[in-house]
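A quick note: this is a predicted structure, and the numbers were derived from the prediction, not measured. Only heavy atoms go into these numbers, but all of them, side chains included; no hydrogens, no water, no symmetry mates.
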Amino acid sequence: MDINHKPRIHWACRRGMRELDIAIMPFFEYEYDSLTEDEKCLFVRLLECADPDLFNWLMNHGRPDDDGLYHMIQLIQSRNKQRGSLEI
């Protein structure tokens, strides 16, 4: 997925699982434009992961083996917390 094709990325953020939507959608809406190109690539790679994995990682029930994806999970969690987003 092209990191500059925001409508496609926005669509991929819509997971259909409330907990994931609460974590991922606000991060995309408020933070995506401020990410580096490498971070945008990581975010897009994260969106390609299965919902059960994303849920577990965002709920701190394990972590991805890939350190880059783990960094993105931590970034999503910290930025959402800084903005005062609803915690899951």
query = Which distance, rounded to the nearest 0.5 Å, do you find between the CG of Asp51 and the CD of Glu19?
reply = 10.5 Å
query = Taking all atoms of both residues into account, what is the closest heavy-atom pair of Met25 and Cys13, and its distance?
reply = SD-CB, 3.3 Å
task = With the side chain counted from C-beta on, respond yes when Ile24 and Leu47 share a heavy-atom pair under 4.5 Å apart, and no when they do not.
result = yes
request  = Mind checking the CD-CG spacing from Glu48 to Leu46? Nearest 0.5 Å is all I need.
outcome  = 9.5 Å
remark   = By side-chain contact (heavy atoms from CB on, under 4.5 Å), Ser78 pairs with (sequence neighbours left out) Leu75
key: Shared hydrophobic cluster for Leu42 and Val44 (ILVMFWY, side-chain gaps under 4.5 Å)   = yes
message = Distance check, rounded to the nearest 0.5 Å: Asp66 atom CG versus Cys49 atom SG?
response = 8.0 Å
note = Residues passing the ring pair (Phe, Tyr, Trp, His ring centres under 6.0 Å) test with Phe28, sequence neighbours excluded, are His10, Tyr32
Set of side-chain contact (heavy atoms from CB on, under 4.5 Å) partners for Asp2, sequence neighbours left out = Asn4, His5
inquiry  = Between Asp21 and Arg14 (side chain of the first, backbone of the second, donor and acceptor by atom type, cut-off under 3.5 Å), is there such a pair?
reply    = no
request  = Side-chain contact test, heavy atoms from C-beta onward, threshold under 4.5 Å: evaluate it for Met72 versus Phe27 and give yes or no.
outcome  = yes
request  = Can you establish whether the number of heavy atoms outside Arg63 located under 6.0 Å from its atom CZ is more than 12?
outcome  = yes
query = Do Leu69 and Arg45 have side chains that get closer than 4.5 Å, going by heavy atoms?
reply = yes
ILVMFWY cluster, Ile73 and Met17 together (side-chain gap under 4.5 Å) = yes
ask   = Partners of Gln77 by side-chain hydrogen bond (donor to acceptor under 3.5 Å, both in side chains), sequence neighbours excluded?
value = Asn60
Spatial distance of atom CD1 (Ile22) from atom CG (Asn80) [nearest 0.5 Å] = 10.5 Å
key: With sequence neighbours excluded, residues passing side-chain hydrogen bond (donor to acceptor under 3.5 Å, both in side chains) with Glu29   = none
Leu58 versus Ala23, closest heavy-atom pair with distance = CD1-CB, 4.0 Å
message = Are the side chains of Glu37 and Ile3 in contact, using a 4.5 Å heavy-atom criterion?
response = yes
Listed partners of Glu31 passing salt bridge (Lys or Arg N to Asp or Glu O under 4.0 Å), at least two apart = Arg79, Arg83
ask   = Same cluster or not: are Met59 and Trp57 linked, directly or through other Ile, Leu, Val, Met, Phe, Trp or Tyr residues, by side-chain heavy atoms under 4.5 angstrom apart?
value = yes
message = Nearest 0.5 Å, please: how far is CD in Glu39 from CD1 in Ile76?
response = 10.5 Å
